[in-house]
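Report on the structure given below.
Both ligands and their constituent atoms are indexed starting at 1 by order of listing. Side chains included, hydrogens not; waters and symmetry mates left out as well; all remaining heavy atoms used.
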Amino acid sequence: MRGIRGWIGVVVLCAGMLPIVAGAKVSGEERAVLTSPPAVPPPIARKHATKLIVELEVRERVGQISDGVEYTFWTFGGTVPGSFIRVRTGDEIEFHLRNHPDNKVPHNIDLHAVTGPGGGATSSFTPPGHETVFSFKALNPGLYVYHCATAPVGMHIANGMYGLILVEPEGGFPAVDREYYVMQGDFYTRGGNGDPGLQPFSMEKALREDADYVVFNGSVGSLTEGGALQARVGERVRLYVGNGGPNLVSSFHVIGEIFDTVYVEAGDAENHNVQTTLVPAGGAAIVEFVVDVPGTFILVDHSIFRAFNKGALGMMKVSGPEDKVVYSGKQDQRIYLPEGGAVQKMPGRGANAPKAESAAERVAMGKVVYETNCVACHQADGAGIPGAFPPVAKSDFLEGDIDRTIDVVLNGLEGPLTVNGVSYNNVMPSLGLSDEQVANVLSYVMNSWGNPGGDVTPEQVAKRRKK
Ligand SMILES: [Cu+2]
């Protein structure tokens with residue numbers, strides 16, 4: 001967090017200019033630069049309004065929504081969310097909507113930045129293999145959602161047809177060091193979360209608002225590891241945050257940060273020192289913060305099961321020098337067990353998960369179990385976290401006795417143990433996995449990260465469970 005001195009002047013200036021925007025002169029002609037998420041086009045440097053040509057192509061394509069799970073996305077520009085469009089107040093936008101000839105259904109576009117019937121939808125109905133053109137004047141500054149509005153509207157949006165258009169105020173926004181594009185969406189599939197293969201859209205679940213996936217930027221993990229947002233200590237970061245829905249509102253939060261400034265609902269109202277901001281379905285917010293310390297900061301929808309169980313989790317990796325005054329890091333750790341045992345049981349689940357037909361399939365399915373249940377503690381590379389979570393990669397404990405290892409995953413574990421000569425004294429919860437899931441995840445672990453291989457069967461697990 002950081003103070004806001006120097007901001008007030010800019011804001012007053014922008015507000016004062018609003019009334020003359022509609023009458024501003026337009027000169028010249030330009031082609032808009034569009035970007036794929038999480039990139040944002042560069043700020044607009046020109047000091048005048050212009051005629052701006054925007055060309056957006058709809059593509060229907062199969063992509064990954066989660067590891068091993070595919071979905072037929074309908075996209076603006078090939079990505080979910082669609083290409084980021086950046087214009088300036090007063091611009092006259094000539095909008096070209098193209099529907100690729102390989103697509104199966106017609107589409108159109110409703111931009112919330114448009115003043116006019118349907119936000120453009122009534123002028124842009126475009127069958128496959130066609131292009132439509134309409135134009136509009138950007139009268140109001142702000143960050144706006146655009147989406148497809150072809151019937152059944154809910155289905156087009158549920159398939160990923162949404163994105164953001166930023167209408168910069170005259171004079172632009174104050175400069176920042178980094179700008180990123182993050183947009184949430186909820187998805188509804190025939191199978192449950194993690195069920196592999198190509199998953200068709202489920203109208204029944206969409207009607208019940210019973211989402212299988214809630215994600216940032218179109219898929220589980222799109223903003224983690226290699227896709228994580230980047231920043232350096234001391235930089236000011238601005239996130240353009242949208243929510244395509246179709247159903248759920250987002251309680252947008254960055255773990256370990258406080259938003260210095262939020263442009264509430266992406267309008268003129270500024271709020272400061274905000275922990276969580278609401279981003280409605282079909283709405284947006286602009287949030288800004290200075291990153292003061294290094295580390296990984298986790299972006300979530302704070303409706304928290306969506307984050308840890310349905311995919312609404314991203315990362316910002318901040319590099320640079322520590323500041324032990326702002327944040328000390330762990331100074332001490334001891335066991336505190338006022339109620340005695342601390343092994344928590346989670347409700348049983350996974351009973352009707354699909355069964356692996358071969359050892360290889362078991363490993364593949366185990367990867368999904370690992371990524372949904374173990375990765376938060378033992379990490380994607382199995383290395384664990386020093387001092388807290390032991391490694392499951394090249395762990396002598398794990399390799400030592402398979403029954404003992406099965407017991408750990410079945411029942412959880414607390415109290416001291418030694419892995420590769422390092423002692424741990426922490427708590428692993430019982431995760432309530434089925435025999436099949438325990439067998440799959442351990443087979444995956446044993447065949448990953450240089451571990452020696454092997455196969456654990458559901459029968460072996462069932463035997464241990466009886467004990
Ligand atoms: Cu559509």
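- Scanning for ring pair (Phe, Tyr, Trp, His ring centres under 6.0 Å) contacts around His112 gives His147, with sequence neighbours left out.
- For the Cu ion (ligand 1), the tally of protein N/O/S atoms lying closer than 2.8 Å stands at 4.
- Among Arg190, Lys310, Lys205, the single residue meeting the side chain to side chain donor-acceptor pair (under 3.5 Å) criterion with Asp212 is Lys205.
- Residues forming a ring pair (Phe, Tyr, Trp, His ring centres under 6.0 Å) with Phe297 (at least two apart in sequence, or on another chain): none.
- Among residues at least two apart or in separate chains, ring-ring contact (aromatic ring centres under 6.0 Å, His included) pairs with a member in residues 115-135 are Phe95-Phe134.
- Side chain to side chain, His107 and Glu60 meet the donor-acceptor criterion of an N or O pair below 3.5 Å.
- Between the side chain of Ser443 and the backbone N or O of Ala439 there is at least one donor-acceptor pair closer than 3.5 Å.
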